[in-house]
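For ligands, and for the atoms within them, numbers begin at 1 and follow the listed sequence. We use all heavy atoms of the structure for the numbers below, so side chains are in, but hydrogens, waters and symmetry mates are not.
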Amino acid sequence: MEITGKTKVCGIIGDPVLHSMSPVMQNAAFKAAGLDYVYVAFAVSSESLDQCATSVRTFQIRGLNVTVPHKVGVMETLDDVDPLAMHIGAVNTIVNTDGRLVGYNTDGPGFMRALEEAGLHVAGKKIVMLGAGGAARAVAYSVAEAGAHLTILNRSVERAEALAHEVSGTRDEHVGYAPLEHACLREKLAAADVLVNTTSVGMSPDIESTPCPAELLREDLCVCDIVYHPLRTRLLTEAEAAGATTIGGAEMLIHQGARAFELWTGVAAPVDAMRRAVMERLAGAAG
Ligand code: ATR
């Protein structure tokens with residue numbers, strides 16, 4: 001599509017942003033939807049983050065994605081933050097409506113959509129989540145809000161405990177926690193319906209690592225990995241071999257982007273076109 005004087009601008013801020021998948025994915029989405037938008041990457045240092053909101057207003061940028069290391073710091077520069085993003089404590093999407101900047105978190109809703117698309121409805125399900133970092137916060141609040149019974153396992157058990165208490169505090173439901181150790185994994189997984197890895201274990205170049213031994217995986221388990229490089233992590237390969245349903249990290253990436261697209265444009269996201277763009281790029285990266 002031709003860029004004209006009317007073309008609306010969206011983008012991503014982060015440091016670094018050079019290897020972000022979002023420009024390829026969002027430009028493919030704008031094209032597929034026939035929208036006169038363009039999406040670019042802005043490398044923004046932490047020192048200049050406080051000028052970002054002013055710049056967005058000045059240049060009338062319609063929306064931004066926010067990535068590492070600005071997801072937390074950007075919050076105080078906004079006019080308002082959506083309640084879910086406030087709970088999660090991080091913003092990954094900003095919408096600029098006539099100079100008023102509102103922050104959202106689409107990572108959690110994106111993860112939920114990836115589950116729903118795979119036919120998994122988490123209400124009443126027992127979910128074991130590995131990890132207690134930033135990605136884990138988005139997943140934890142979203143699945144707890146959807147009525148799942150959550151247990152958090154983390155290498156540093158005090159982080160799992162803190163997150164479990166925080167999430168429990170927002171609901172009647174008790175959230176469990178334990179150290180990420182073999183015996184605990186065995187016990188918690190025996191009763192679980194879903195296993196979600198939010199740790200970086202298994203991420204390229206450490207592709208031989210897995211956060212969960214293969215012997216604990218079963219066919220009646222749904223296994224999700226938020227790692228998307230490689231596309232099929234060792235965890236997912238072993239889960240598949242055990243006959244489990246699997247959901248790869250690219251699906252969460254695609255659906256968080258789809259939700260952001262909808263917040264900026266008000267149009268249903270062309271998810272298939274976004275998936276094609278991401279898969280092409282990731283398959284190329286693996287080769
Ligand atoms: P993100 O924002 O991507 O979630 P993060 O906040 O740095 O990143 O969190 C990384 C998560 O991966 C944490 O849960 C971390 O465990 P700790 O809290 O104990 O550090 C987990 N993690 C990273 N490397 C790990 C490893 N080798 N074994 C187990 N857990 C690991």
Nearest-contact summary for [atom] - protein heavy atom, Å:
| atom | answer |
| --- | --- |
| atom 28 (N) of ligand 1 | V201 CG2, 3.5 Å |
| atom 17 (P) of ligand 1 | S156 OG, 3.3 Å |
| atom 9 (O) of ligand 1 | G133 CA, 3.5 Å |
| atom 15 (C) of ligand 1 | N154 OD1, 4.0 Å |
| atom 20 (O) of ligand 1 | R155 NH2, 2.9 Å |
| atom 2 (O) of ligand 1 | G134 N, 3.2 Å |

May I ask you to identify, for [X], whether its side chain, its backbone, both or neither come under 4.0 Å of ligand 1 on a heavy-atom basis?
| X | value |
| --- | --- |
| A132 | backbone |
| T199 | both |
| R159 | side chain |

Might you work through the side-chain hydrogen bond (donor to acceptor under 3.5 Å, both in side chains) test for T106 and N92, ending with a clear yes or no? CA-CA 7 Å; T106 70; N92 80 326; 3.1 Å; yes
Option from D225, T199, L235 for which side-chain contact (heavy atoms from CB on, under 4.5 Å) with L130 holds: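 It is T199, the one option of D225, T199, L235 that forms the side-chain contact (heavy atoms from CB on, under 4.5 Å) with L130.
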Looking at atom 26 (C) of ligand 1, is any protein heavy atom nearer than 4.0 Å to it?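 So atom 26 (C) of ligand 1 has protein heavy-atom neighbours under 4.0 Å.
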Atom 7 (O) of ligand 1 protein-contacted (non-hydrogen atom, under 4.0 angstrom):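 No, there is none.
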Atoms in ligand 1 flagged as close to A135, the criterion being non-hydrogen separation under 4.0 Å: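 Near A135, the atoms of ligand 1 are 1 (P), 2 (O), 4 (O).
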Check ligand 1 against S200 and write out every atom of the ligand that is under 4.0 Å from a heavy-atom position of the residue.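 Counting from 1, the qualifying ligand atoms are 12 (O), 23 (C), 24 (N).
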Just so I know, are the side chains of N105 and V91 near enough to count as touching, which here means a heavy-atom distance under 4.5 Å?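 Counting from C-beta outward, N105 and V91 never come under 4.5 Å.
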